[in-house]
Amino acid sequence: MEQRHLGRTGLRVSRIGLGTLTWGRDTDEHDAADMLKAFWEAGGTLVDTADVYADGEAEYLLGQLIDGLVPRRDLVISTKAGSVPDPDRRVDGSRGHLLTALDASLARLGTDHVDLWHVHAYDPATPLEETLQALDLAVSSGRARYAGVSNFCGWQLAKAATWQLAAPGARTRLAGAQMEYSLLQRGVEREVLPAALDLGVGLLPSSPLGRGVLTGKYRHSTPTDSRGASEQLAPFVEPYLDDTATRIVDAVTTAADGLAVTPLQVALAWVRDRPGVAAPIVGARNAQQLTAALSVEALSLPDEICRALDDVSAPVHRYPDHDWSTL
């Protein structure tokens, strides 16, 4: 699998990443092992997790598989901290919480460092400088090799990345930003992506298949074994089952038929090759689903297909996102 630099850093990652959101909950140890081995054998390196996935079980399960199944040195392990199960405060970006969470993640993963550590979301209750100092301390202590953010809007990403570049002292450049990005969710193109491109931050798209909708599985009904039929995940899928999404999925299916490939491959290839993207994170439930996603490696979409998909899924960009003089 092709490797790409993450942003303006020396860190190289496989251009498809393996997500572990369902590990330890819907994905058991046997399916997780099968996926990790298939991913590694395909040349994949970037494995993404978080301390809140299955209340830490996803990290623990990944840790159990490292070395015994796949050499630790062959993986780029990414995890996140900051989300908390508190209805009154969903995010805690304080230095104390973040560093404590990192130590707990390392214990569950069974490693002395992670390759990439993200702040899971912006915390308006904590000064941003304090949150960023936690990233600096994690890297300077060797517990993390690179650092990034997740779910930051445009001004938050720009402020954080600029602070790390301009503030005095030894600061850690932001390597990556993990954000939802797909043909069904192109909101990052308004301000996040331009900021990331300008400041050298690599984009790691989550839910690159539109929470599974872009595979076409929901075109006529909701499969009983799908996330859309899951009591826990149905609300996650439902926003992408409207008329707008249907038009986009139909276009993806038409393109797939014309290229003799699957809608999954078309949707994943589109986001993988967008400007600024380092590696979409694919969250499969089993090895069969993952193998289908990894088969996109040999596919590059023709320019005319990309333009057609761009047109049908184009978000509304108005002032001030575009030059005001054209309005």
Side-chain angles (χ1 to χ4, degrees), residues 1-7 13-19 21 39 42 44-48 78 118 148 150-152 154 157 176-197 201-218 227 236-237 239-240 244-245 247-256 259 261-284 289-315 317:
M1 189 183 303
E2 181 180 321
Q3 306 289 304
R4 292 173 171 172
H5 284 278
L6 182 59
V13 298
S14 54
R15 64 175 181 168
I16 296 291
L18 174 62
L21 175 65
F39 182 66
T45 60
L46 176 62
V47 182
D48 180 73
S78 165
H118 289 93
S150 177
N151 299 308
F152 275 39
L157 174 62
Q178 189 170 143
M179 305 288 299
E180 184 168 355
Y181 188 24
S182 73
L183 278 162
L184 296 183
Q185 178 52 271
R186 295 176 61 182
V188 297
E189 293 178 6
R190 286 192 288 273
E191 292 190 344
V192 173
L193 188 53
L197 286 167
V201 179
L203 198 66
L204 298 168
S206 59
S207 296
L209 297 174
R211 306 180 183 186
V213 175
L214 286 165
T215 64
K217 68 172 68 175
Y218 299 102
R227 293 179 181 179
F236 182 66
V237 177
Y240 292 159
T244 299
R247 288 194 299 272
I248 297 170
V249 172
D250 286 346
V252 170
T253 303
T254 299
L259 295 171
V261 296
T262 65
L264 179 155
Q265 290 172 308
V266 170
L268 189 55
W270 180 88
V271 71
R272 180 200 65 195
D273 295 332
R274 297 295 286 177
V277 168
I281 308 298
V282 175
Q289 287 187 347
L290 178 62
T291 299
L294 295 177
S295 67
V296 77
E297 180 65 19
L299 176 64
S300 294
L301 297 180
D303 290 343
E304 59 270 24
I305 295 292
C306 288
R307 287 194 296 269
L309 294 175
D310 290 351
D311 289 343
V312 75
S313 65
H317 283 180

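Everything numeric here is computed off the predicted structure, so don't read it as measured data. The analysis underlying the following values was restricted to heavy atoms, covering all of them including side chains, and did not include hydrogens, waters or symmetry mates.
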Lys/Arg N to Asp/Glu carboxylate O, R247 vs D311, below 4.0 Å:
no
Just one of P208, S182, P263 clears the side-chain contact (heavy atoms from CB on, under 4.5 Å) bar with L268, so which one?
P208
Quick one: CG on L214 to CD on Q265, what's the gap to the nearest 0.5 Å?
13.5 Å
Please find the pair of heavy atoms, one from E189 and one from R274, that lie closest to each other, and give the distance.
OE2-NH2, 3.2 Å
Roughly how far, to the nearest 0.5 Å, is CD of E297 from CD of E2?
6.5 Å
Heavy-atom check, side chain of Q185 versus side chain of R211, under 4.5 Å:
no
Which heavy atom in V266 sits nearest to a heavy atom in V261, and how many Å separate them?
CG2-CG2, 3.7 Å
For T45, does its backbone N or O pair with a side-chain atom of S14 as donor and acceptor, under 3.5 Å?
yes
Would you sort out whether M179 and L157 count as a side-chain contact (heavy atoms from CB on, under 4.5 Å), showing the intermediate values?
CA-CA 11 Å; M179 305 288 299; L157 174 62; over 6 Å; no
Side-chain contact, heavy-atom cut-off 4.5 Å: T262 with T215?
no
Starting at CG of L309, measure out to CD of E304 and round the result to the nearest 0.5 Å.
10.5 Å
Which heavy-atom pair separates A195 from G154 by the least distance, and what is that distance?
CB-O, 4.3 Å
Output the distance between atom CG (L259) and atom OG1 (T254), rounded to the nearest 0.5 Å.
11.0 Å
Nearest heavy atoms of G276 and L193, plus distance in Å
CA-CD1, 4.3 Å
With D48, the side-chain hydrogen bond (donor to acceptor under 3.5 Å, both in side chains) member among S206, S78, S150
S78
Looking at W270 and D310, what are the two nearest heavy atoms and their distance?
NE1-OD1, 2.8 Å
Quick one: does F152's side chain get under 4.5 Å of V192's, heavy atoms only?
no
Taking every non-hydrogen atom, the tightest pair across G216 and V249:
CA-CG1, 4.1 Å
Hey, does D273 have a side-chain heavy atom less than 4.5 Å from the side chain of R15?
yes
Less than 4.5 Å apart, any side-chain heavy atom of M1 and any of L294?
yes
Test side-chain contact (heavy atoms from CB on, under 4.5 Å) applied to I248 and V213, step by step:
CA-CA 10 Å; I248 297 170; V213 175; over 6 Å; no
Answer yes or no: is there a donor N or O on one side and an acceptor on the other, between the side chain of R190 and the main chain of P315, under 3.5 Å?
no
